[in-house]
Amino acid sequence: MNLIKYITLLENKRIEKLYRHCTEYYPKSPSTVVLEGKEYVMMASNNYLGLTHHPKVIQAAIRALETYGTGSGGSRLINGTHKLFTTLEKELATYKETEKALVFNTGYMANVGTISALMGKDDLIFSDALNHASIIDGCRMSKANIITYEHCNMNDLEKKLQSYGNQSQNKLIVTDGVFSMDGDIAPLDKLVWLKEKYNSLLMVDDAHATGVIGNGKGSAHHYHLDHKVDIQLGTLSKALGSVGGFVATNSIISDYLINTSRPFIFSTALAPANIGAALAALELIESDTTLIDKLYNNVKYLSNRLQRIGLLATSHTPIFPIIVGDAEKALRLSDILKENGIIVTAIRPPTVPKGESRLRLTVTASHTEEQLNQVVDAFISIFNDT
Ligand SMILES: *Cc1c(COP(=O)(O)O)cnc(C)c1O
């Protein structure tokens, strides 16, 4: 067996400081982890509402597990659909004010499975330059023509909508609702205007918006455009504290996906505990608005404190990118933060473009003011040393 190609690639990654490995953490709480016996503040998780450790969510997972078993035993269309699935899909649709919601095994699979099913060889996809990898992979799998527009640049998008294709061609505009690595919000008002003008479908990936912006209902609700976005994708894995993805849409697209989406059809359904947990989490967000209030209090607090020490920070979403440019520098900063008891991962290419390596801080509803102060103090000491 010739492994030279792989060894060389790994070597190059090491040299360029892009080599990656998994670190084993013990997630003690939504805001703390234990690593080699020492406790750290976790500032790199997407567990925005801290629901992974909420007693009601844990109880619901246990109840689902005891009622329906450890695994679902088959795909959704064969024998994997149990009552919790039906209830969750109904509640997600009600929450998103859409006709239907369809659960996939992950957000990744929901993106890949939706885009590749809806779009084909002669179709056009207009995709934001900073869209998530799972959108990009879905576009590639579809074999459609992919036209990338500059990040959130509506003039560039319109120019491209005008110059590519014709009126009758099947078109899809696809964007992150909240961009995963930058934390900015897509200009959905303008996207809706353009999709109507150019007779296109609009799909929004709300992985970081669900349970976060628009009172938790996502980016379409944030803009009061709930009924104008054709396909809203969400994940159960971030703010909802479980695992899974979903697509909220009309009945035609939902039925079409059930009948054609290969990741939906050919994979065993999620385990009952996952669905039970997601359902309890959704019910919590709907009934207890203080969860999202707490998240935004923390977002505002951290944003203010970071601004006061001269870092660019907004308070629109819980994602704080601190762009440092160089991959090695990003790694070094994350090491220094770790010495100060804080976990912040260095985000490097290919997750972000070359030269845009960064620290990506995420704040959750579970962080205490004391923990956030510890983070800011660590940055202050870094600045004083350099
Ligand atoms: C995390 C993420 C996904 C994938 O969701 P998973 O449930 O983790 O597979 C899709 N899109 C965006 C923008 C994401 O950040």
Side-chain angles (χ1 to χ4, degrees), residues 22 27 44-49 51-52 88-89 92 96 101-116 125 127-142 148 151-152 172-186 188 191 202-214 218-220 222 229 231-249 257 261-264 267-271 273-275 277-279 281-282 316-321 345 347 350-353 358 360-364:
C22 298
S45 119
N46 300 318
N47 187 11
Y48 296 118
L49 299 174
L51 292 179
T52 51
L88 177 62
E89 287 178 337
L92 282 169
K96 300 289 284 184
L102 190 63
V103 171
F104 285 73
N105 287 359
T106 62
Y108 183 99
M109 284 166 79
N111 261 327
V112 164
T114 301
I115 301 171
S116 67
I125 302 175
S127 173
D128 188 286
L130 293 189
N131 275 344
H132 189 260
S134 54
I135 296 180
I136 297 171
D137 292 355
C139 293
R140 287 180 183 157
M141 261 173 80
S142 75
T148 306
H151 176 53
C152 290
L172 172 72
I173 301 171
V174 60
T175 182
D176 278 20
V178 169
F179 284 85
S180 51
M181 293 301 136
D182 294 75
D184 52 338
I185 302 172
L188 272 200
L191 285 161
L202 176 61
M203 172 166 168
V204 175
D205 175 349
D206 268 351
H208 295 278
T210 309
V212 177
I213 67 168
S219 51
H222 173 80
V229 177
I231 303 149
Q232 298 180 60
L233 183 134
T235 178
L236 308 174
S237 331
K238 289 171 181 160
L240 288 168
S242 180
V243 62
F246 67 90
V247 169
T249 184
L257 292 175
S261 175
R262 296 172 66 85
F264 179 82
S267 189
T268 298
L270 283 169
N274 307 138
I275 303 300
L279 196 50
L282 183 62
H316 303 309
T317 70
I319 301 169
F320 294 88
T345 31
I347 310 277
T351 308
V352 292
R358 67 194 63 187
R360 174 182 176 272
L361 269 75
T362 46
V363 67
T364 73

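Order of listing sets the numbers, starting from 1, for every ligand and every atom in it. As the structure is a prediction and not an experimental result, all values here were calculated from the model. All heavy atoms count here, side chains included; hydrogens, waters and symmetry mates do not.
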Is there a donor-acceptor pair closer than 3.5 Å between any side-chain N or O of T175 and the backbone N or O of V204?
no
Where do Y108 and H132 land on the side chain to side chain donor-acceptor pair (under 3.5 Å) test, with the steps shown first?
CA-CA 9 Å; Y108 183 99; H132 189 260; over 6 Å; no
Residue by residue, ordered by chain and number, which ones reach under 4.0 Å of ligand 1 with a heavy atom?
T106, G107, Y108, N111, H132, S134, D176, S180, D205, A207, H208, T235, S237, K238, G244
For N131 versus I136, what's the shortest heavy-atom pair and its separation?
O-CD1, 3.5 Å
Begin with the C-alpha distance, continue with both residues' side-chain angles, and end with the deciding distance and a verdict on side chain to side chain contact (heavy atoms under 4.5 Å, CB included) for L130 and D184.
CA-CA 11 Å; L130 293 189; D184 52 338; 5.9 Å; no
To the nearest 0.5 angstrom, please state how far the CG atom of L102 sits from the OG1 atom of T249.
9.5 Å
In sequence, state the C-alpha distance, the side-chain angles, and the governing distance for F246 and D206, and then conclude on side chain to side chain contact (heavy atoms under 4.5 Å, CB included).
CA-CA 10 Å; F246 67 90; D206 268 351; over 6 Å; no
